[in-house]
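Order of the sequence lines fixes the chain letters, A, B, ..., with proteins taken first and strands second; residue numbering starts at 1 for each chain.
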Number of protein chains: 2
Amino acid sequence: MVASDELLSIRAAELYYEEDKTQDEIGQVLRLTRWKVGRLLAQAKANGFIRIEIVHPRARRLPIERRLRDELGLRDAIVVSSAGVHGEDELQSRTAQAAADYLTSLRPVPRALGISWGRTLFEVSQHLRDGWAAGVNVVQINGGVSLNKRAGTAATTAVSIAHKGGGSATLLPSPAILERLETKEAIENDRAVSAVLELAASASAYLFSAGAADDNSVHIDSGYLTADDVQELVRKGAVGDVVGRYIDADGNIVDPGLDARTIGLGLDRLRASPTSIAVISGSAKHAVAAAVVRSHLCSVLITDEETALSLLDEPSPHRTADPLHPAQHSLKDTP
Amino acid sequence: MVASDELLSIRAAELYYEEDKTQDEIGQVLRLTRWKVGRLLAQAKANGFIRIEIVHPRARRLPIERRLRDELGLRDAIVVSSAGVHGEDELQSRTAQAAADYLTSLRPVPRALGISWGRTLFEVSQHLRDGWAAGVNVVQINGGVSLNKRAGTAATTAVSIAHKGGGSATLLPSPAILERLETKEAIENDRAVSAVLELAASASAYLFSAGAADDNSVHIDSGYLTADDVQELVRKGAVGDVVGRYIDADGNIVDPGLDARTIGLGLDRLRASPTSIAVISGSAKHAVAAAVVRSHLCSVLITDEETALSLLDEPSPHRTADPLHPAQHSLKDTP
DNA sequence: CGCGTCATTGCTCATATGAGCAGGGAGGTC
DNA sequence: GACCTCCCTGCTCATATGAGCAATGACGCG
């Protein structure tokens with residue numbers, strides 16, 4: 001396209017989109033036929049000069065969802081828009097809302113739903129509406145009841161999801177990680193625990209999130225691991241954890257010793273399920289999200305726009321520099 | 001509007017704007033008549049959920065231009081879009097380009113054009129194309145030749161605008177501010193200077209910028225004022241300078257003593273001209289811009305979107321916090 | 001200079017969309 | 001319970017837009 005046409009197409013776009021003029025009227029103003037105007041507008045669109053955003057907390061990005069499905073082999077994908085977002089908290093909240101919506105509309109309605117716990121899942125439970133299902137049984141798929149500081153968050157999450165869905169919750173009465181392998185095996189063999197694990201393994205759908213391998217890890221908060229432990233895991237290649245198990249970028253267990261002391265459903269069970277839903281949002285979790293998706297830990301991904309684009313190796317349009325806090329006056333001198 | 005309809009309108013908008021479906025197709029997907037879909041889309045637009053931006057360096061914001069004309073009594077206004085801008089430098093460059101475009105299309109073509117000087121005007125001169133006019137005479141309207149560090153910028157600006165317009169430039173051979181009133185009056189009475197000032201007063205159009213009253217002032221760079229002088233002016237109410245004269249928020253001269261020692265066209269001459277074009281951009285200049293416009297120093301304003309919105313007391317849509325690079329505070333710099 | 005090639009232009013016609021109007025139902029009032 | 005009002009729905013019809021096609025003209029090549 002010639003430069004003069006490019007400029008014309010911008011003028012036409014201004015009149016069309018900002019002034020609500022018809023192509024015919026624009027033609028009169030710019031002294032063009034209305035067909036030429038139509039073509040200029042088409043060019044402006046094709047060149048990406050026209051950006052249309054849906055600014056709403058519930059807005060999704062369907063084209064990105066399609067690409068996630070097609071290019072990454074996901075069964076389904078939900079991507080919430082980041083347009084007009086006011087901070088990572090809101091992004092998280094939008095994603096949780098979308099997860100709640102997805103659960104609600106999930107067909108067939110799962111008889112038994114296995115869930116992990118954490119801030120994200122808790123938020124999902126909050127966003128669910130009463131009566132979102134008629135009788136779902138919710139099973140925890142990984143341990144972690146007692147040591148958690150905000151005691152009961154894990155239990156509350158499961159109970160709340162079950163209650164609102166007209167069913168009951170089955171909690172996994174065990175810590176997330178044991179110090180000694182023997183203890184872990186002993187607990188695992190206890191009927192109270194093994195029964196829950198069996199139930200978890202038979203769930204028809206799973207809903208879980210993932211944690212980044214950094215200082216904010218809920219495992220550090222809960223006292224199961226120290227910051228140094230996590231650092232060491234990172235050194236070994238960990239990008240984050242899924243249902244308590246630390247994985248590297250390829251989705252492999254990073255530290256088999258640690259993993260053997262971790263109570264909960266094995267990752268392969270998630271991989272085998274036709275409906276394993278991962279809810280992951282936030283810039284800190286791009287790496288885990290990639291690992292989860294590439295190693296097929298989830299068949300359905302619910303995430304935010306930036307995370308989705310990072311999975312597709314695309315730069316985010318919302319990362320533009322802030323024009324009001326400028327770089328320094330660089331005075332170019334006369335040639 | 002009911003909440004359920006709001007959500008529906010978002011779903012419809014996604015299908016319409018992102019998936020390019022027709023309203024009829026959307027109706028089939030959402031089980032609505034195509035008229036309902038049309039109304040939902042209209043609602044989404046009316047509620048401001050649909051944001052359409054023209055992302056291009058030459059894009060303008062016509063609705064804002066109209067509001068500037070109507071609400072602030074400007075004869076004309078040009079507002080360049082800030083969409084997708086990469087820093088204040090680019091904003092400045094876009095504005096300068098728009099000023100060059102405006103000059104080029106200005107009718108009647110000015111016989112004599114009075115101009116100030118500075119970074120902005122220099123950039124305007126760079127953006128002008130050869131042959132933008134057929135014989136304009138350019139007159140400097142304020143002094144400042146000798147002391148300027150980047151010697152010749154002022155002269156280069158005038159000469160370049162004149163040359164590209166097929167005419168010649170008349171420079172004002174004097175400093176901007178004199179230390180003693182007597183010296184100023186003596187210079188002013190010198191034929192070489194007074195002749196230029198008369199010519200300047202008779203120009204048919206003016207083009208000027210404005211400086212913020214801060215450490216980046218070109219007067220400090222040039223050595224006419226110290227940083228302390230400027231600070232003192234600010235204490236007295238100065239918001240910036242126009243053609244070398246410091247004004248307060250109401251457009252009044254802040255320091256008559258200083259003003260009397262300043263050489264150049266009086267501000268009332270600008271106010272009296274039917275074509276006095278101010279080119280002002282950048283967040284630092286919001287206050288001066290407001291003073292210039294409110295005191296009718298210009299009949300035409302060329303500026304950026306943020307500045308224009310600040311004049312209209314509107315928050316800028318581009319000021320949203322970047323969720324990925326949170327709250328980085330502006331570091332004030334000193335030369 | 002003549003000719004072929006290809007992009008561009010202005011058109012016809014089919015389709016998508018918006019304005020305006022009549023019918024119907026929800027909810028309020030007596 | 002009857003009636004009335006108002007809003008919403010689904011329609012008809014006018015208008016705006018996009019697809020496809022023939023005519024035009026610019027350009028390069030022999």
Starting the side chain at C-beta, find the nucleotide from [options] nearest to [X].
{"X": "B/R39", "options": "D/dG20, C/dC21, D/dA16", "value": "C/dC21"}
{"X": "A/T33", "options": "C/dG10, D/dG10, C/dT17", "value": "C/dG10"}
{"X": "A/T22", "options": "D/dG18, D/dA16, C/dG18", "value": "D/dA16"}

Whole angstrom is fine here: how far is it from [atom1] in [X] over to [atom2] in [N]?
{"X": "B/L41", "N": "C/dA16", "atom1": "CG", "atom2": "P", "value": "15 Å"}
{"X": "B/D20", "N": "D/dA19", "atom1": "CG", "atom2": "C1'", "value": "15 Å"}
{"X": "A/I26", "N": "D/dG18", "atom1": "CD1", "atom2": "P", "value": "11 Å"}
{"X": "A/R34", "N": "C/dC11", "atom1": "CZ", "atom2": "P", "value": "9 Å"}
{"X": "B/L40", "N": "C/dG18", "atom1": "CG", "atom2": "P", "value": "12 Å"}
{"X": "A/K36", "N": "D/dT24", "atom1": "NZ", "atom2": "C1'", "value": "14 Å"}
{"X": "A/W35", "N": "C/dG10", "atom1": "CH2", "atom2": "P", "value": "8 Å"}
{"X": "B/R31", "N": "D/dT9", "atom1": "CZ", "atom2": "C1'", "value": "19 Å"}

- Query: Can a side chain N or O of A/Q23 be found less than 4.0 Å away from OP1 or OP2 on D/dT15?
  - Reply: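 For A/Q23, the contact criterion (side-chain N or O under 4.0 Å from OP1 or OP2 of D/dT15) is not met.
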- Message: Is the phosphate of D/dT17 approached by A/Y16 (side-chain N or O, under 4.0 Å from OP1 or OP2)?
- Response: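 Checking A/Y16 against D/dT17: at least one side-chain N or O falls below 4.0 Å of OP1 or OP2.
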- Query: Per the side-chain contact (heavy atoms from CB on, under 4.5 Å) rule, which among A/L74, A/T307, A/I277 passes with A/L301?
  - Reply: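 That would be A/L74; it is the only one of A/L74, A/T307, A/I277 passing the side-chain contact (heavy atoms from CB on, under 4.5 Å) with A/L301.
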- Task: Identify, between A/D24 and B/L32, the residue whose nearest nucleotide on DNA chain D lies closer to the 5' end.
- Result: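 The residue mapped nearer the 5' terminus is B/L32.
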- Message: For a 4.5 angstrom cut-off between non-hydrogen side-chain atoms, does B/V279 reach B/Y102?
- Response: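 SC-SC contact between B/V279 and B/Y102 ruled out.
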- Query: If you measure from the Lys or Arg side-chain nitrogens to the Asp or Glu carboxylate oxygens, is any gap between B/K45 and A/D20 under 4.0 Å?
  - Reply: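 A/D20 and B/K45: not salt-bridged.
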- Message: Any carboxylate oxygen within less than 4.0 angstrom of a Lys/Arg side-chain nitrogen, looking at A/D76 and A/R69?
- Response: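 Salt bridge flag = yes for A/R69 with A/D76.
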- Message: Any donor-acceptor pair under 3.5 Å linking the side-chain atoms of A/D101 with those of A/Q97?
- Response: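 Checked: A/Q97/A/D101 side chains pair up, N/O donor to acceptor below 3.5 Å.
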